[in-house]
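If you read the sequence from its start, that first residue is 1, and numbering goes on from there.
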Amino acid sequence: MKKNLLSAFLLPLLALVSCCGPKDGTYRLQLFTTNDVHGRYFDSLYVGNGTRQSLYAVSHYVDSVRKADGPENVILVDAGDCLQGDNAAYYFNYIDTLAPHLYARMANYMKYDAVAVGNHDVETGHPVYDRVAQQLDMPFMAANAIRNDNGRPYFADYTIVRKNGLKVAVLGFTNPNMKNWLSEDLWYGMHFESLLPLVQQDVDKVIAKEHPHVVVVAVHSGTGEGDGSMLESQGLDLYNTLEGVDFLVCSHDHRPVVYEKSGICLINSGSHCRNIGHGVISLEVKDGKVVSKELSADLIPVRKEAVDTVMRNVFRKDFETVKAFTVKPVGTLVRDMRTRDAYKGMCDYMNLLHTLNLSCSPAEISFAAPLTFNGSIGAGTLVYNDLFTIYPFENQLFVVEMTGKEIKDYLEYSYGTWINTVTGKAGEHVLRISNEPDPRTGQRRWSFLGRAYNFDSAGGLVYTVDVTKPDGSRVEIASLADGTPFDMSAKYNVAMTSYRASGGGAIMREGAGIDTDNIGTRVVAKYPEIRNILYDYLTAGGSIDPSLVGDPSVIGHWEFIPEKLAGRMLEKDMELLFD
């Protein structure tokens with residue numbers, strides 16, 4: 001009874017103290033940020049003995065600063081894409097759905113102050129992200145994900161974090177381009193608004209209501225070019241226009257960068273725990289008001305070997321559980337398979353993807369792209385981990401009705417992002433590549449100008465791609481795989497990822513001229529995640545055999561022509577890219 005009376009007396013007193021403003025004086029707060037962690041929870045690999053950057057290393061660094069400067073002077077924020085990209089995330093998303101989610105437990109352990117929602121978090125579907133939102137001790141934020149029923153944010157919109165008497169407002173937003181990547185099945189009940197002008201409007205409302213001393217905005221949006229041209233990358237657009245914001249935390253494009261100017265800093269730490277974003281704000285308070293501020297920002301490279309060993313021990317059982325799931329045998333691979341071979345023509349890897357697509361009724365034609373840039377799987381026993389190399393994303397399979405002309409235009413657009421028109425002269429490149437610094441690492445190397453996961457080829461057709469012809473007139477379709485003449489006016493059922501059907505890569509919209517906002521009117525069938533289709537294929541057949549997945553009567557045939565010219569130039573470009 002005495003304990004209850006004491007609590008009844010102390011709690012209101014503590015609440016009163018916590019609401020009081022800061023004392024006059026100078027303050028120094030440190031902001032640490034992560035983004036696009038993509039399931040990089042553990043430092044150990046599931047196969048082999050290697051290590052990698054992880055949340056363990058992030059925790060070690062941030063906690064060391066908390067111990068040195070005091071936890072009341074440290075803020076920790078994540079800008080989204082934390083629930084996808086690794087076996088651990090997959091396991092707790094879809095296999096063990098009853099235990100508290102691993103990410104929620106890890107974020108709670110690390111004492112994050114706020115987490116923004118990423119597009120790959122939404123990709124997991126309502127059952128996953130709703131569950132995580134309930135289990136996090138901090139808000140899961142996306143103020144621009146608006147409920148259709150009442151016009152209010154579906155997720156939390158902002159939070160007030162109290163640090164050393166200061167009020168720090170943290171606002172969170174997700175990527176507004178969601179409908180162009182993900183099936184509405186994954187985000188039903190809401191819609192997504194552009195960050196411009198919404199972020200400024202929300203900032204103004206929060207400042208008027210809460211009177212914070214520091215304002216942090218975390219957006220799951222790429223840094224972009226600052227010219228207003230990219231809905232998915234509005235970071236610099238915000239940086240150039242926002243008022244009243246101290247730190248803008250960006251993400252999504254995996255490009256580590258810092259911008260600083262008077263009054264605001266932009267921080268994008270890259271991805272996969274390779275860097276920690278770091279902001280410092282020094283401010284002076286007089287009569288309860290901030291009279292001066294100084295801001296700075298930088299990126300801190302993460303040392304993978306310097307980890308929070310206590311945290312590792314806390315989550316060791318989870319690692320062992322995921323590892324056991326990951327190394328479970330699922331079938332055999334008859335011969336070595338490399339994903340890079342997809343860039344120069346037909347190969348076992350792409351033949352497999354087309355075979356999987358075409359196995360789903362009523363598909364007649366397949367569109368697929370290499371989704372692992374440079375993966376390699378050795379012949380022999382396949383374990384579940386290999387399936388993530390073959391198919392790293394949780395895309396569903398859609399079968400979409402398209403006309404012959406739309407299919408042809410689609411392929412022209414795809415190859416237009418993939419290859420150049422060449423004559424065979426010295427210095428030409430048939431692949432659209434350049435020797436420029438990698439925006440993610442800063443290192444100079446040969447790389448594609450476009451994104452390889454948008455280099456779609458077709459299965460179920462017989463066609464050629466002439467590298468000597470101009471963009472838009474390279475593709476010549478002869479027939480379907482079974483020899484039936486291809487008809488530009490006929491309608492065909494085309495299997496593709498939900499990402500592509502929803503507008504990802506813009507090939508459907510800009511290439512085929514299809515309104516992806518209303519793609520539902522063309523979808524004739526939906527299937528579960530493609531990795532599950534692959535697993536079922538192995539369960540039924542036991543192996544991936546080139547003689548079966550390469551059956552021309554099923555997947556057809558395509559090639560770059562003229563054969564000698566294209567072959568010689570492709571080999572040279574491949575050497576630049578990978579050797």
Side-chain angles (χ1 to χ4, degrees), residues 28-41 43 51-66 68-69 73-82 85 107 110 112-116 118 168 170 172 214-226 233-236 238-240 242 245-282 293-308 436-445:
R28 182 176 182 270
L29 299 181
Q30 295 195 64
L31 168 69
F32 294 101
T33 72
T34 54
N35 58 267
D36 298 275
V37 169
H38 284 296
R40 191 65 67 84
Y41 309 150
D43 63 332
T51 59
R52 59 187 183 175
Q53 288 98 339
S54 66
L55 285 180
Y56 291 165
V58 173
S59 178
H60 170 78
Y61 189 91
V62 174
D63 205 42
S64 68
V65 177
R66 286 183 176 131
D69 288 11
N73 295 310
V74 173
I75 307 163
L76 180 58
V77 173
D78 184 89
D81 274 6
C82 44
M110 294 174 66
Y112 273 91
D113 293 294
V115 177
V168 180
V170 185
V214 179
V215 176
V216 178
V217 170
V219 296
H220 192 79
S221 178
T223 303
E225 301 299 328
S233 297
Q234 297 181 303
L236 279 177
L238 293 169
Y239 176 73
N240 292 331
L242 281 178
V245 174
D246 299 299
F247 293 103
L248 173 64
V249 186
C250 294
S251 54
H252 181 64
D253 56 13
H254 298 192
R255 299 184 177 188
V257 68
V258 165
Y259 290 97
E260 298 176 283
K261 66 178 180 180
S262 177
I264 187 172
C265 293
L266 181 153
I267 306 172
N268 184 334
S269 70
S271 69
H272 295 87
C273 299
R274 296 185 182 99
N275 300 289
I276 302 172
H278 180 221
V280 177
I281 181 166
S282 300
K293 286 183 180 180
E294 291 185 7
L295 306 174
S296 65
D298 63 327
L299 298 177
I300 301 168
V302 171
R303 295 171 53 213
K304 64 180 181 180
E305 70 278 3
V307 301
D308 183 335
E436 300 291 339
D438 187 327
R440 293 177 174 86
T441 65
Q443 296 179 342
R444 192 177 184 88
R445 66 176 181 86

Please identify each residue that fulfils ring-ring contact (aromatic ring centres under 6.0 Å, His included) with Y259, with sequence neighbours left out. Y239
If only atom types and distance count, is the side chain of [X] paired as donor or acceptor with the main-chain N or O of [Y] below 3.5 Å?
X	Y	result
D113	L76	yes
H252	H220	no
T33	V249	no
D43	K304	no
Q234	S221	no

Quick one, V115 and C82 - any side-chain contact, counting heavy atoms below 4.5 Å? yes
Is the closest side-chain heavy-atom distance between Y112 and T34 below 4.5 Å? yes
Going by the rule side chain to side chain contact (heavy atoms under 4.5 Å, CB included), which residues pair with [X] if we only count those two or more places apart in sequence or in a different chain?
X	value
H272	H38, R40, H254, R274
D63	R66, K67
K293	D246, I281, L283, V290

Passing option when V74 is tested against L29, L31, V62 for side chain to side chain contact (heavy atoms under 4.5 Å, CB included): V62
Out of I276, V307, D308, V302, which one pairs with Y61 under the side chain to side chain contact (heavy atoms under 4.5 Å, CB included) rule? I276
Please assess V280 against R28 for the test side-chain contact (heavy atoms from CB on, under 4.5 Å), listing each intermediate value before the final yes or no. CA-CA 7 Å; V280 177; R28 182 176 182 270; 3.7 Å; yes
Salt bridge (Lys or Arg N to Asp or Glu O under 4.0 Å) partners of E305, counting only residues at least two apart: R303
Taking salt bridge (Lys or Arg N to Asp or Glu O under 4.0 Å) as the test, write out the residues that go with D36, two or more places apart. none
Evaluate the side-chain contact (heavy atoms from CB on, under 4.5 Å) criterion for residues L238 and V217: first the C-alpha distance (whole Å), next the side-chain angles of each, then the deciding distance (0.1 Å), finally the verdict. CA-CA 10 Å; L238 293 169; V217 170; 5.5 Å; no
